[in-house]
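Working notes, beginning with the structure itself.
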Protein chains: 2
Amino acid sequence: MPAQLLQSHQLKATKQRRELLLLMQREHRPRTAEQLQTKLKDVSLATVYRMMDDFLQAGLVNRVDLGHGHTHFEYADPKHHHHHLICDDCGRIEDVRVPNETKIVLSVGRKAKFRVRRHALEFFGLCSRCQTA
Amino acid sequence: MPAQLLQSHQLKATKQRRELLLLMQREHRPRTAEQLQTKLKDVSLATVYRMMDDFLQAGLVNRVDLGHGHTHFEYADPKHHHHHLICDDCGRIEDVRVPNETKIVLSVGRKAKFRVRRHALEFFGLCSRCQTA
DNA sequence: TTCTAGTTGAGAAAGATTCTCAATTAGATA
DNA sequence: TATCTAATTGAGAATCTTTCTCAACTAGAA
């Protein structure tokens, strides 16, 4: 599956790319380049970053800013578009869907005559556990 | 004005803080720590970062991730809450307001039992000029 | 005016990300 | 299947952003 997906985006299906894409599909969570490299074993960190650029360009992954100092990446599954709730206290990350999101994004773009290609949205605050604690 | 605003947030009104806050209020655009330091002249970069932490904590500024490698900061004017449209092509940044945003944020938090304290939202794509070019 | 906790400057240190360049490889072609 | 070439990769150096350290300084309380 990763091989065809890569080729359909004009990306050579190298061993490294197939492994990284498969890993991200399985994790389906925001991960840093370093976290991904550790699980891949035989891929250099520079290559992870380079592949991530390619994947971002192709729209296969999303960049996620969790407010820590380093970028996270997440597989962009079109069937499960979502955003994140990030707990300031315990750091837990929950997925969340925003109702009528497509409609909202379209309307914002239309009004500003701006062709929206992608958007980033994260919510920060306190998760249910940390509110009571 | 900056002095009172700082004190109302339990922050000592030092010369550096007053100048930075005033500058950010005047610019009301996303700026990097370095850009701000350049305009302040007699404040060290480390101090700009430290003050930014304090201001973020106090809710006086927002962190903005424009997708370039470095963080931008913007004065958080409660009267003019907005988000950004960032052009992938020319880099231009436009402000945008999202209709019914408060309602949406509240509903997302309620469903997930998550107390939302703040959120980050940016739109990326092509501005009106770059669509035709 | 004095005192003290909080703040700042300067540069070192720490991290994250990108760059360089020689070696390797996917995939097209014969 | 073998060959060829442009694209990709590894390894480490380089760069860039952000944080840390610690001695000197200062706002605001007494």
Side-chain angles (χ1 to χ4, degrees), chain A residues 1-24 30-58 60-74 91 120, chain B residues 1-24 30-58 60-74 91 120:
Chain A
M1 200 60 158
Q4 285 87 331
L5 191 50
L6 287 165
Q7 279 162 343
S8 75
H9 287 276
Q10 285 75 51
L11 293 172
K12 275 195 187 180
T14 65
K15 183 166 167 294
Q16 290 88 339
R17 281 182 180 157
R18 280 182 275 118
E19 286 183 4
L20 176 58
L21 188 53
L22 189 60
L23 173 63
M24 294 190 77
R31 294 293 186 213
T32 65
E34 200 186 10
Q35 290 174 327
L36 294 166
Q37 195 232 352
T38 301
K39 302 201 182 184
L40 289 174
K41 285 290 184 190
D42 288 331
V43 178
S44 94
L45 189 55
T47 298
V48 173
Y49 278 108
R50 276 182 299 221
M51 292 192 286
M52 223 47 92
D53 282 346
D54 299 333
F55 291 3
L56 283 165
Q57 203 90 45
L60 290 169
V61 306
N62 289 135
R63 192 190 288 279
V64 182
D65 181 4
L66 300 178
H68 316 75
H70 34 254
T71 304
H72 288 245
F73 304 92
E74 185 173 44
Chain B
M1 199 61 156
Q4 286 87 330
L5 191 51
L6 287 165
Q7 279 161 343
S8 74
H9 287 276
Q10 284 75 52
L11 293 171
K12 274 193 187 178
T14 64
K15 183 167 168 294
Q16 291 86 340
R17 282 181 181 158
R18 280 183 275 117
E19 286 184 1
L20 176 57
L21 189 53
L22 189 61
L23 173 62
M24 293 189 78
R31 294 292 184 215
T32 65
E34 200 186 10
Q35 289 174 328
L36 294 166
Q37 193 230 354
T38 301
K39 302 200 182 182
L40 289 174
K41 284 290 184 190
D42 288 330
V43 178
S44 93
L45 190 54
T47 298
V48 173
Y49 278 108
R50 274 183 300 224
M51 291 192 286
M52 223 47 92
D53 282 346
D54 299 333
F55 290 3
L56 283 166
Q57 205 89 45
L60 290 169
V61 306
N62 290 135
R63 192 191 287 280
V64 181
D65 181 6
L66 300 180
H68 317 78
H70 34 253
T71 304
H72 288 245
F73 304 93
E74 184 173 45

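Fair warning: this is a prediction, and the values are worked out from it, not measured in the lab. Residue numbering restarts at 1 for every chain, and letters A, B, ... go by the order of the sequence lines.
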Got a second to check how far A:Q16's CD is from A:L21's CG, nearest 0.5 Å? 13.5 Å
Check the distance between D:dT9's C1' and A:D54's CG and give it to me in whole angstrom. 12 Å
Interatomic distance where CZ belongs to B:F73 and C1' belongs to D:dT17 [whole Å]: 10 Å
Suppose we screen for side-chain hydrogen bond (donor to acceptor under 3.5 Å, both in side chains). Which residues come up paired with A:E74, at least two apart in sequence or across chains? A:H82, A:H84
So, using side-chain hydrogen bond (donor to acceptor under 3.5 Å, both in side chains) as the criterion, who are the partners of B:K12 when residues are at least two apart? none
Contacts to DNA chain C from residues 62-69 of chain B, heavy-atom cutoff under 4.0 Å, which residues? none
Drop me the distance from A:R31's CZ to A:T38's OG1, to the nearest 0.5 angstrom. 11.0 Å
Just the table, please: protein N/O against nucleotides 25-28 of chain D N/O, every pair under 3.5 Å.
residue, atom, partner, partner atom, Å
D:dA27, N3, B:K12, NZ, 3.4
D:dG28, OP1, B:Q7, NE2, 2.7
D:dG28, OP1, B:A13, N, 3.1

Under the rule for side chain to side chain contact (heavy atoms under 4.5 Å, CB included), what residues qualify as partners of B:Q37, not counting sequence neighbours? B:L45, B:V48
Decide yes or no for B:L20 and B:V43: does some side-chain heavy atom of the first lie under 4.5 Å from some side-chain heavy atom of the second? no
Would you jot down, in residue-number order, the residues of residues 31-38 of chain A having a non-hydrogen atom under 4.0 Å from DNA chain D? none
When rounded to the nearest 0.5 angstrom, what distance separates CD in A:Q4 from CZ in A:R18? 10.5 Å
Which angle, rounded to 10°, do you find between the first-five-pair axis and the last-five-pair axis of the helix from C:dT1-D:dA30 to C:dA30-D:dT1? 40°
Provide, to the nearest angstrom, the distance between the NE2 atom belonging to B:H70 and the P atom belonging to D:dT15. 18 Å
Which atom pairs, donor and acceptor, lie under 3.5 Å between side-chain atoms of residues 61-72 of chain A and protein residues at least two apart or in another chain?
residue, atom, partner, partner atom, Å
A:D65, OD1, A:G67, N, 2.9
A:H68, ND1, A:L66, O, 3.4

Round to a whole Å and report the spacing from CZ of A:R17 to P of D:dG10. 11 Å
If you define the side chain from C-beta out and look only at heavy atoms, does anything of B:L5 sit under 4.5 Å from B:L11? no
Distance check needed: D:dA6 C1' versus A:R50 CZ, whole Å only. 15 Å
Please identify the 5'-most and 3'-most nucleotides of DNA chain C with any atom under 4.0 angstrom from a heavy atom of chain A. C:dA16 to C:dG27
Applying side-chain hydrogen bond (donor to acceptor under 3.5 Å, both in side chains), which residue pairs with at least one partner in residues 46-58 of chain B are found, sequence neighbours left out? B:R17-B:D54, B:S44-B:T47, B:T47-B:R50
B:E19: salt bridge (charged side-chain N to carboxylate O under 4.0 Å, His left out) partners, not counting sequence neighbours: B:K15
So, with a heavy-atom separation below 4.0 Å from DNA chain C, the residues of residues 40-48 of chain B are B:D42, B:V43, B:S44, B:A46, B:T47
Are B:F73 and B:M24 packed together at the side-chain level, in the sense that at least one heavy-atom pair is separated by less than 4.5 angstrom? yes
